[in-house]
Asks: 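Please find one structure pasted underneath; my questions will follow.
Values reported hereafter were calculated over all heavy atoms of this structure, with side chains retained and with hydrogens, waters and symmetry mates removed.
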Amino acid sequence: MAASDVSASGNVHRGAWLRDFHYERGRILVKSTGVWMKNDLQLWADIGRWLTYYAFVRLRGFWARLTKPAGPRIWFTPYRPRPWYVIWAATVWGGMRLARSPDDADAAFYFEDQTIAAPPPPRHTRAFNFAVGDVSKTRVAQVMEEAFGYPLALDPATHVGEGVEKGEGNGLHDGRLVQCPTAPVAGKAYQRLIRTEGDDGWACDLRTSCVGGRPVLVYVKKKPAAARFSIQNTSVVVQAPEDVFSPAEMAQLERFCAAMKLDWGALDVLRERATGQLYIVDVNKTDTGPAVVLNWRDRARATKLLAAALSAMVLVRDIAPPL
């Protein structure tokens with residue numbers, strides 16, 4: 001990003017969204033993460049659905065500004081979230097505002113898309129995610145083992161059987177099955193293959209949004225097991241965490257968030273069908289969404305709940321209203 005795009009306070013100025021992307025040879029690069037997307041009809045259909053959601057959130061935020069007292073001001077650094085990030089939708093929906101400096105804010109929020117980064121000093125007494133610097137697959141597996149008491153990572157040189165090879169980077173969606181033992185590849189992480197599919201052949205992911213270190217909602221995503229690593233989902237529904245996880249599992253997830261020092265973010269959680277055990281395979285500190293295949297009712301419910309939880313975290317209130 002050019003230096004002219006960043007203000008002295010550390011925030012990105014308002015500007016054309018196209019600056020965040022680069023087109024080359026039929027693919028689109030997301031500059032902040034280094035992820036390439038295929039430029040096809042599916043992508044543009046998803047963009048069309050997202051633009052409709054964006055307009056809806058803008059209108060809801062405008063109505064909140066007209067009918068409710070002014071919400072808290074949040075200073076994001078080093079970058080302001082663009083509209084495709086969940087925290088942007090929650091901020092606008094809840095009538096909250098983006099502050100231009102920490103002195104003008106009710107809270108500060110560290111917002112950086114890089115997998116491994118060095119958060120600066122918060123410069124505010126109420127600061128969130130400033131201790132989250134490393135969300136690589138290796139780090140996530142280490143913290144999960146500490147919080148849950150059983151491992152996700154494996155040594156590909158000694159493990160016998162199937163394993164999963166993934167890039168360490170955030171949002172790559174480049175997982176693939178490998179037969180072990182095999183020589184490790186630099187820059188890759190290796191994990192157990194967590195089979196979530198039942199007799200129907202559908203793999204199930206439990207994308208769990210957490211605010212204030214607590215699960216507040218779960219996106220239950222389904223896709224064919226053969227496409228388990230794909231970014232595309234066949235169906236997505238929203239459920240309350242208490243309807244998906246037991247009290248003991250909720251405590252595990254909270255221990256994990258505390259160990260990661262994650263105030264806001266989404267966990268990619270898998271439930272192994274054979275054992276019933278949970279595994280956290282990824283942490284998204286700058287999560288995007290909600291999923292484009294989510295129906296409008298669930299999308300509105302999720303955004304409303306996340307907005308309320310974000311406001312509560314900033315203003316030190318109870319974080320988890322009922323879904």
Asks: Going by the ring-ring contact (aromatic ring centres under 6.0 Å, His included) test, which pairs reach into residues 272-300, not counting sequence neighbours?
Replies: F56-W296, Y150-Y279
Asks: Measure the shortest side-chain to side-chain distance between L262 and F256 over non-hydrogen atoms and say whether it is less than 4.5 angstrom.
Replies: no
Asks: Less than 4.5 Å apart, any side-chain heavy atom of Y110 and any of P120?
Replies: yes
Asks: Scan side-chain atoms only and decide if D113 and Y79 contain a donor-acceptor pair under the 3.5 Å cut-off.
Replies: no
Asks: Determine, for K166 against D174, whether the closest basic-nitrogen to carboxylate-oxygen distance falls under 4.0 angstrom.
Replies: no
Asks: Would you kindly confirm whether V244 and I280 end up in one hydrophobic cluster when ILVMFWY residues are joined by side chain heavy atoms under 4.5 Å apart?
Replies: yes
Asks: Is D298 reaching over with its side chain to a backbone N or O of V238, donor-acceptor style, under 3.5 angstrom?
Replies: yes
Asks: Set out, in order, the CA-CA distance, both residues' side-chain angles and the distance that settles side chain to side chain donor-acceptor pair (under 3.5 Å) for Y53 and T303, then state yes or no.
Replies: CA-CA 11 Å; Y53 170 70; T303 309; 2.8 Å; yes
Asks: Between M96 and A90, what is the shortest heavy-atom contact and its length?
Replies: CE-O, 3.3 Å
Asks: Find out if a path of hydrophobic residues (ILVMFWY) with successive side-chain heavy-atom gaps under 4.5 Å connects I194 to V220.
Replies: yes
Asks: G133 and K285: which non-hydrogen atoms are nearest, and at how many Å?
Replies: O-NZ, 4.4 Å
Asks: Identify which one of W88, W75, W264, Y85 satisfies the side chain to side chain contact (heavy atoms under 4.5 Å, CB included) criterion when paired with F111.
Replies: Y85
Asks: Does a donor on one side chain and an acceptor on the other come within less than 3.5 Å for S136 and D134?
Replies: yes
Asks: Which residue is it: D287, I87, L217? I am looking for the one with a side chain to side chain contact (heavy atoms under 4.5 Å, CB included) to L306.
Replies: L217
Asks: Measure the CG-CE distance between L278 and M250 for me, rounded to the nearest 0.5 Å.
Replies: 11.0 Å
Asks: Apply side chain to side chain donor-acceptor pair (under 3.5 Å) to residues D205 and Y219 and explain how you reach the verdict.
Replies: CA-CA 8 Å; D205 299 352; Y219 300 99; over 6 Å; no
Asks: Between R271 and E249, does any side-chain N to carboxylate O distance fall below 4.0 Å?
Replies: yes
Asks: Is there a chain of hydrophobic side chains (I, L, V, M, F, W, Y, each step under 4.5 Å between heavy atoms) that links V140 to L154?
Replies: no
Asks: Judged by modelled atom types alone, do Y54 and R58 share a side-chain donor-acceptor pair under 3.5 Å?
Replies: yes
Asks: Just by modelled atom types, is the Q114 backbone N or O under 3.5 Å from a matching donor or acceptor in the E112 side chain?
Replies: yes
Asks: Nearest 0.5 Å, what's the CZ-CG distance between F109 and L98?
Replies: 12.0 Å
Asks: Identify the two heavy atoms, one from P72 and one from V314, that lie closest to each other, and give their separation to 0.1 Å.
Replies: CB-CG1, 3.8 Å
Asks: Hey, does R273 have a side-chain heavy atom less than 4.5 Å from the side chain of R195?
Replies: no
Asks: Is there a continuous path of hydrophobic side-chain contacts, each under 4.5 Å between heavy atoms, that joins F148 to V135?
Replies: yes
Asks: Less than 4.5 Å apart, side chain to side chain, heavy atoms only: is that true for V218 and F245?
Replies: yes
Asks: Hey, is K223 close enough to E197 for a salt bridge, meaning N to O under 4.0 Å?
Replies: no
Asks: If the threshold is 4.0 Å, N to carboxylate O, is there a salt bridge linking R255 and E146?
Replies: no
Asks: Are T91 and R80 side-chain neighbours, meaning at least one heavy-atom pair lies under 4.5 Å?
Replies: no
Asks: Quick test of your reading of the model: are R207 and D268 salt-bridged, counting only N-O distances below 4.0 Å?
Replies: yes
Asks: Hey, are the side chains of F229 and V164 touching, using non-hydrogen atoms and a 4.5 Å cut-off?
Replies: yes
Asks: Verify the cluster assignment for L315 and M313: are they in a single hydrophobic cluster under the rule of side-chain heavy atoms below 4.5 Å apart?
Replies: yes
Asks: Looking at side-chain heavy atoms only, is the closest gap between T138 and Q142 below 4.5 Å?
Replies: yes
Asks: Please identify which of these residues, R176, Q191, K188, meets the side-chain hydrogen bond (donor to acceptor under 3.5 Å, both in side chains) condition with E165.
Replies: R176
Asks: Is any side-chain heavy atom of I74 less than 4.5 Å from a side-chain heavy atom of R97?
Replies: no
